[in-house]
Amino acid sequence: MSHLIIAPILLPIFTALLIMLPPIHYSPMRRRWVSMVSTVILLILTVCLLLQTQAEGVSFYALGAWQPPFGIILVADIFSVSMVCLTSMLALGAICYGSAGEDEKGSFFHPLFQFQLMGINGAFLTGDLFNLFVFFEVLLIASYGLLVHAGGKNKTKAAVHYVVLNLAGSAVFLFSLGILYGTLGTLNIADMAVQVAKLPPENLMLVKSGGLLLLIVFALKAAILPLQFWLPATYSAASPPVAALFAVMTKIGIYALLRVYTTIFGEQAGPLAGMASDWLWPLGLATIMLGAIGVLASQDFRKLVANLVIISVGTLVTLVALQSSAATAAVLFYTIHSTLVCGALFLLADLIGAQRGKAGDRLVPGRRMAQPALLGTMFVVAAVAVAGLPPMSGFVGKLMILQAAGSPLQQVLLWSVVLLSSLMVLIGLSRAGSILFWRVSGNEAGPERVLPLQAFALGWLLLAAPLMVVFAGPLTELSFAAAEQMRDIQSSIAIILGDAATVGEQP
Amino acid sequence: MLENVIFLVFGMISLALLLNLWRLLIGPSLPDRILALDTMFINSIALIILYGLLMGSPLYFEAALLIAMLGFVSTVAVCKFLLRGDIIE
Amino acid sequence: MTLLWILLLPLLGSLVPVVTANWRRSACAMATAIPPAIALMILLYHSSAVFAGESLRYTLAWIPLLGLDISIRLDGLAFLFSLLILGIGLLIILYARYYLSEQDSMPRFYAYLMLFMTAMMGIVLSNNVLQLWLFWELTSISSFLLISYWWHKSEARRGARMALTVTGAGGLCLLAALLLLGQITGSYDLDVILASGAVIQQHGWYPLVLVLFLLGCFTKSAQFPFHFWLPNAMAAPTPVSAYLHSATMVKAGIFLLARFYPAMAGTDLWFLLVSITGLTTLLVGAYLALFKHDLKGLLAYSTISHLGLITLLFGMGTDLAAVAGVFHIINHATFKASLFMAAGIIDHESGSRDMRKLNGLWHFMPITATLAMVAAAAMAGVPLLNGFLSKEMFFAETLHQHLLGSLSWIIPVLATVAAIFSVAYSMRFIHDVFFNGKPKGLTKTPHEPPRYMRMPVEVLVVLCILVGVAPGYIVGDLLYAASLSVLGTAVPEYSLAIWHGLNLPLLMSVVALAGGALIYINRKHLFDFQNTLPGVDAINTFEAAMKMLAKRCQQIYSWLDNGSLQRYLVFLLMAIVVLAGLPLLQLDTLYGGRPELPVDAVNAAGAAMLLISAFATVVFHRQRVVALLMISVVGLMVSIAFTRFSAPDLALTQLSVEVVTIILLMLALFFLPHKTPKQSSPTRVIRDISLASMVGVVIGSISYAIMTRPFNTISDYFLANAKTGGGGTNVVNVILVDFRGFDTFGEIAVLGIASLGIFKLLTRIPVFKPSSDGEGRPWALERHPVLLATVSQGLLPLALMVSVFIFFRGHNLPGGGFIAGLVTAVALILQYIAHGVEWVKSRMNIEYQRVVAVGLMVALITGVASWLFNKPFLTSWFDYFDIPLLGKIELASAIAFDAGVYITVVGSTLLILASLGKMTTSHRPVHTETI
Amino acid sequence: MESLLAGCIGFLTACGVFLLLRGRTFPVVVGLTMLAYAVNLFLFSSGRLTLQGAAVLGTTDNYADPLPQALVLTAIVIGFAMTAYLVILAIRARADLGNDHVDGKLPGNENSRKESR
Amino acid sequence: MRVTPRFSWLPTPYRSVLLLVVWLLLNQSVAVVHLFFGTILALVIPLISARFRDPQPLIERPLLALRYILTVFGDIITANAQVAILILGPQRRLNPAFVRMPLDLQHDLPITILASTVSMTPGTVSADVYPCHDTQPDAGEITQRWLLIHVLNLEDEAELIATIKSRYEAPLKEIFQC
Amino acid sequence: MQNWMEWAVAFFLLLGGSFVLIGSIGLSRMPDFFMRLHGPTKATTLGMGGILLGSIFYFSLQQSISVHELLITIFLLITAPISAHMLIKTALHHQLKAIERTRGERELKQGQQQGSPDTKTAMPESKQSKES
Ligand code: NA
Ligand code: NA
């Protein structure tokens, strides 16, 4: 039997443990290399998994050989595996960047990083709602550890908010799990979808409150208005490779939203079908606008990037609310694009800050940079991509988003918000870029240079921006295939629970 | 008969626990409160043993044993805290 | 395929200067010119087909799902624009070679320029509207880079940002328009869209589409009121101005008007919007141009005015007007590009562009002056030059429209007025620069430019004359082909003759020339009048607006986000109340029909104690030690509740975790204040109480509703299979280590990671040791009371024995690795408490983080071991063995897994507690080489 | 009994929430601990209440639902890990920032006043 | 007085026996399996935890120790009866007191046992043993230690001290031979 | 036999319950901390003993022999005095007042020559006297 599905979870934890044990843990170089090599292997494995999934369709891995719905299963469909693949791509960039010296500014960087990968991959792959909680906690606790990496007041301060909010969020998650288990009697996501369809009417509203509590949990993780306030401080305080990795963290919330509200509360759910959309739609639009306002309000570049993350979250949430194949496809494409580009931007912010001396990444005139051409090119590529302008990946994403809008009202709202926010991002980024690169006070450049490993890391992530355009054809096909597959609940249920499981009356 | 006795003893112990809680609430001093808490720990052993009797099941014995062990450690820790501030020094 | 190369070559060309950066300047320029030159040749190769009225097409699938393909269409219009872009582009490359100084990075300039050329070629060659938009935006970006080429100059930065903002905004509007067009027509294919004019114009969205479309065009082509960015873009190097801001980019909007003419034009709305905008722009540009002292400023406003003219022509909606528009595009490109280049030469060789300083240059650079004068005359519409011809056609068309009904005469009158000003500023350009006395305050003596710097101007001026003299011969085919592709159907009869006889348009030209001269001669009065008007500085206004926008955004942001965790939490909690509470309102009754269990006095007493202690925790929360004691009772009562409701494993775990937590909190309290100051205002407290009660009510209600509902669950499977499939009778434990062992795996990972994170947090923490407790009492002197020390030593083996017992029985009875681990850990912590870190460390020197790793590794390896048997991760195995004397013994892989749990728990708990305890000792965590 | 337990859960939640909303780290920790108790009871109760039904095979014929118990066990452990982290973070924040307010700074009028210790 | 154990592989024989008993009690069985594993554990655990043990006097007179335990058990029962009466009776009649008792014992383990015994028996609670090690840099030098006792209802101080000394302290001295 | 055992169970349970209750009554009604301490440390221990014995008899009556409750008793016997000791040390450290008529308290405060650390920190003046 193939254990490829579980590899993205086990390989990182194995690596983490290996790094913590002799003989690896003695030398920083060994720790780095083991971590980097492992991440490369992870990337290869996830790509293999993606190819396999594309070829063979949805498959699942029953842990402990206990068949669903009784045991925990991992589910590989194109969407989830693509997310895992994305994570390992991002991770490779972040870990290479971290290995250029950032990792030695505190203890346990590589183990925590690998644990974080384990949590993220687990969250993407699991087909069990409680197991999702567990993996959420794994990735959260690892992120707590990583957040304070390299120390500093801002990190501690941000961490207190981040941790308390997420602890409260975990409590809500458990409340929700209690409600859903107490009414549906199962934890397997596919089985929940089956049970929701057969729900007696007196339990409907209870399930609804449980389902909507999940919305809060995921909204907090994804940073949707009004639960997004923790994000800018947290992401901008985090150590650069950590912030880069965090770029995928909000996407986990989005992914979970999508998974839960297209599968459990999907079309088969009768009165509960699409119950979250009424909330997600306005909140998503408002989140985009707030992010755009944040971009213009930001006084330093990292905050700006953090707000870009918020915009991407808002966009994705809005798409999730649309509940159509085109929208789901757009979610996947846009997620890949925005994650990699935002990750790169966090790294870039650090390099820019380092070369600008005391001014750092604050948007004030600063020292002349030592390598303005290199950093400037990277900045332009990233900025063009993130603003959704051609010829970088953002514009394909934007096209998909705009084309995904269904009704005229949706079009008017989504288009005006997305386009307006694009303009605000454009203004914000051109302002930031012109201050960072052009408002030079004094002529002396500092001694800081971009290290080869850092340049590689950044290049690796940024390369996505043009490549995703060049290969936009196959990538959009992948996205649409993933969307179709995800929305074809009947088939997935048949594969996971066997053909015997039926999902109520079909609409 | 035995069931009635058990319920009677249940009542006694519940009353004892309430008295402990009373002392815990009114204090007045911290040692008083700690003493009250320690006593509550011990009295809950009795409560759990009685549950075991009532249910005719020995499954609850470990809980009682653990309360005995852990209650002691926590009392000691709190006292140490009040004495030295630094529990582990 | 060759068509694709027309597009690809400039793109490759943008890499050439990067590669050849280290070559000599001329070589670099030459190399850069090669790709566009080849492209131009390919283009010309297709000229015969295009002039014959063919549209050449090439399509390459790219993103079919989005309707975005690489689709090229070379028709007359595209050919015309390509010719301008490539031809003038080549001249600009040559010109820039001399214009740029040694300090300027020429490769960077060329790279941007070629990128821009690619973008323009992309626009004009697109046969797919999404592709068109792609290149459209690319022009904005590349022009941003070009305008800001001298980024050290503030006006360059500002001008570039302004241009980007305005054209970027327009581009987004255009995108919306194009997408809507695609939805209306069902295709993003230009062929399809252009063929669906009727469908589009009858569609309900037509007005919206048109407005968005025109916003895109007008911003790009600097139409009033979006014209302001163009003069400020003049901070760019002059080759850029000549290329982008006269010949190409600003024409992109015009191109679009022409391109979509078949699909969008012909309605009243089109006429109203386009012609009025064009007319206004024409007038405003012409008028303002006169007052600019900066040479390039004058040319910039002149450009605005001429763009308005062309827009007006397309707005009028007649076929002949469209032809005139196309013709003027050609003419304007030639004379304006040459004028800009001439201005650049003047600037380059005299050091100034200020017409108040520049005087009498005729003496210093007669050849350049002659060229400039010819070009300016063309701009003024002097006969025998190309500008005259198209202007005549324009005048004629203004006379032939009746769109404003009885007020239609206004249009020719205003056109004449604009022409008057056009003549006036052209005269100023000639007279004020080349004559009008001697130069004032120039930093260097002007002279003729290098030979090849002037050549591009010469080429263009010759073209102006040739077209002016023999229009039919020179541009006849081109104009016909271009007009054909604009109009789509047949091209109307038009004549390119120089002389049309004495007619009203000629009179208008004469009036314009005379009036222009008159105005220029009396310019002093007009200048004085203009100076009395309040000046609007576009760039400062724009910057101020942007600053204001940023400030407003900051205000909004800080109003929403005050950085207070409490506020964030309030949002979260309100979300709970709303999202979980609202559905409850739709529930008729909470009670679900399941009979309730009876309440007895003992339970009531237990509940009372739970509630009282919880309440007391809140009441005493400012006295932290007391609160801690109170919450211990809560925990105790919860454990007892678990016992009561038949969950012994839970009770055990809850108890042990609680004790460890209490110890942890006690340890922590040493480093925290012992009292919480009173801080919350009464309103805050009331708000919090109400919010808390609401959340409590919602949660409590849901809990009740669930507990009283009948229930089907998958748990029966676990009860049925625990013994047979998992080898244990304690179903909870079998679930933990087998059915849902993966959860447990994640759970111990969490514990392990937490301990690492904690170790990390405690690393290099600034240590402070309070010398007294909260009441100012000094600490007791005795560190390790004898009785405690002695007894704790004796308890250790006892506790170890108990934990071994709990560990092994877990599979069949309450217990298990986790609880056993906590018991061991607590016993060891007791040693720390009773004897101190030094004592323990001298007896047991283990790095706990390694213990954690070993524990997790054991669990991991146990799980992976099932791969050897071709079973999924964590598949359990158990069997019974008959051993002589000892009897039947069960061995199960779950025990190994549980051992991993045990080790991890011991390691993590000790790592957490001991690290914290060690903070006050010399063994505290500091970051070292080995983690 | 169900109503009694539901009431307790609701009340514990309310107390936890109230403490969670306090401005200092320590009460917040206590509040989260309290909330965790409520959560554990809630999750446990989703399997319905059973007396004399410990899920040990062969001891009874009316077993309490074992699955929520296993879930609560996991939740307890995770909750412990998280609480521990938060507690240490609170210490770190106090050390780094000089006060134990959750926002790292004392609100408005308290800025001038020294923290009482 | 003997401090070092007779066999290094069996540092604390009585404790090992106790551990075996505990194991059997825990398992509620004297089956061979449990005896077997109990013995192994009773041997291994003391070896592991031996490091966590400061040198203490060893029991020299096990039978006497057994008798001591029985005495104390009996006393506990009477003590509780007495205390119960005192608690339930009128408080005005109680004469609480702090009593200091000079100790003949010098070593930690016997003192601990004595103090515990005092706490368990009629109306007395051990409050403190002083001077403590921490205040005396060289613990071996302590000549005289005191036991501070709180008495719920003191009738005669001298008699109380004498009783404790004869009933508990003397046997302990005998048991540990110190 | 059965009946006899049942009586024994009932007796021990009642005995234990009463002592537990008495111990807690002592805790709640005694006038000062030191006197409150006596109830819980002693009465409760015996009370627990009683209940545990009752339990032993009960389960022995139900099934095979059940004696593991003894462990808890042993454990409590070992730990209760230590808890009490730590508590009283804390109380002395906190200078809790004993009721007026407590004998020896004055001597406790004055006669610190032997230097009990807790009482010493409680009385700085005695420290001075020692030094002088
Ligand atoms: Na002049
Ligand atoms: Na310490």
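Proteins get letters first, then strands, A, B, ... in listed order; numbering begins at 1 in each.
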Interface moiety of [X] toward chain A, non-hydrogen atoms closer than 4.5 Å:
X	result
S866(C)	neither
W136(C)	neither
I699(C)	side chain
I141(C)	side chain
L208(C)	neither
I556(C)	side chain
F897(C)	neither
M707(C)	neither
R709(C)	side chain
V698(C)	neither
L68(C)	side chain
L549(C)	side chain

To the nearest 0.5 Å, tell me how far [X] [atom1] sits from [Y] [atom2].
X	Y	atom1	atom2	value
C173(C)	L419(A)	SG	CG	7.5 Å
S209(A)	Q586(C)	OG	CD	10.0 Å
M205(A)	L582(C)	CE	CG	10.5 Å
I5(A)	F873(C)	CD1	CZ	14.0 Å
R439(A)	S154(C)	CZ	OG	8.0 Å
F14(A)	L860(C)	CZ	CG	7.0 Å

At a heavy-atom separation under 4.5 Å, does [X] approach chain C through its side chain, its backbone, both, or neither?
X	value
A233(A)	neither
P200(A)	neither
I179(A)	both
I6(A)	side chain
V396(A)	both

Open item on the list: Set out, in order, the CA-CA distance, both residues' side-chain angles and the distance that settles side-chain contact (heavy atoms from CB on, under 4.5 Å) for F745(C) and L63(A), then state yes or no.
Closed with: CA-CA 11 Å; F745(C) 186 62; L63(A) 286 145; over 6 Å; no

Task: Choice from F471(A), Y144(A), F135(A) maximising heavy atom contacts with chain C below 4.5 Å - done: F135(A)

Open item on the list: Only pairs of heavy atoms separated by less than 4.5 Å count here; which of E137(A), E202(A), Q195(A) has the most with chain C?
Closed with: E202(A)

Will you find, in the side chains of [X] and [Y], an N or O donor that is under 3.5 Å from an N or O acceptor?
X	Y	value
S298(A)	Y557(C)	no
Q183(C)	Q411(A)	yes
W66(A)	D738(C)	yes

TODO: Mind running side-chain contact (heavy atoms from CB on, under 4.5 Å) on W230(A) and D561(C) for me, showing each step along the way?
DONE: CA-CA 9 Å; W230(A) 57 271; D561(C) 178 7; over 6 Å; no

Centroid-centroid distance, [X] to [Y], less than 6.0 Å:
X	Y	answer
H161(A)	Y568(C)	yes
F70(A)	F739(C)	no
F742(C)	F130(A)	no

- [ ] Tell me, with the steps shown, if H152(C) and W438(A) meet side chain to side chain donor-acceptor pair (under 3.5 Å).
- [x] CA-CA 6 Å; H152(C) 49 273; W438(A) 294 336; over 6 Å; no

Largest heavy-atom contact set with chain A, pairs under 4.5 Å, which of [options]:
options	result
F144(C), W867(C), W62(C)	W867(C)
G171(C), G168(C), A176(C)	A176(C)
L179(C), N721(C), L584(C), N712(C)	L179(C)
G757(C), P583(C), A580(C)	P583(C)
L572(C), L587(C), L874(C)	L572(C)
L145(C), I702(C), I735(C)	I702(C)

Task: Geometric class of the F571(C)/F229(A) ring pair [parallel <30°, tilted 30-60°, perpendicular >60°] - done: parallel

Task: Non-hydrogen side-chain atoms of L756(C) and M20(A) separated by less than 4.5 Å - done: yes

- [ ] State, with a plain yes or no, whether a side-chain heavy atom of T476(A) is found less than 4.5 Å away from one of L66(C).
- [x] yes

Task: Short side-chain to backbone donor-acceptor contact, Q554(C) and A297(A), under 3.5 Å - done: yes

- [ ] Determine yes or no for a side-chain-to-main-chain donor-acceptor pair under 3.5 angstrom, with K760(C) supplying the side chain and S107(A) the backbone.
- [x] yes

Open item on the list: If you apply the rule side-chain contact (heavy atoms from CB on, under 4.5 Å), what do you find for L175(C) with L399(A), and how did you get there?
Closed with: CA-CA 9 Å; L175(C) 174 62; L399(A) 285 181; 3.8 Å; yes

- [ ] Report, as yes or no, whether the 6.0 Å neighbourhood of atom CG on N562(C) holds more than 12 heavy atoms from other residues, nucleotides or ligands.
- [x] yes

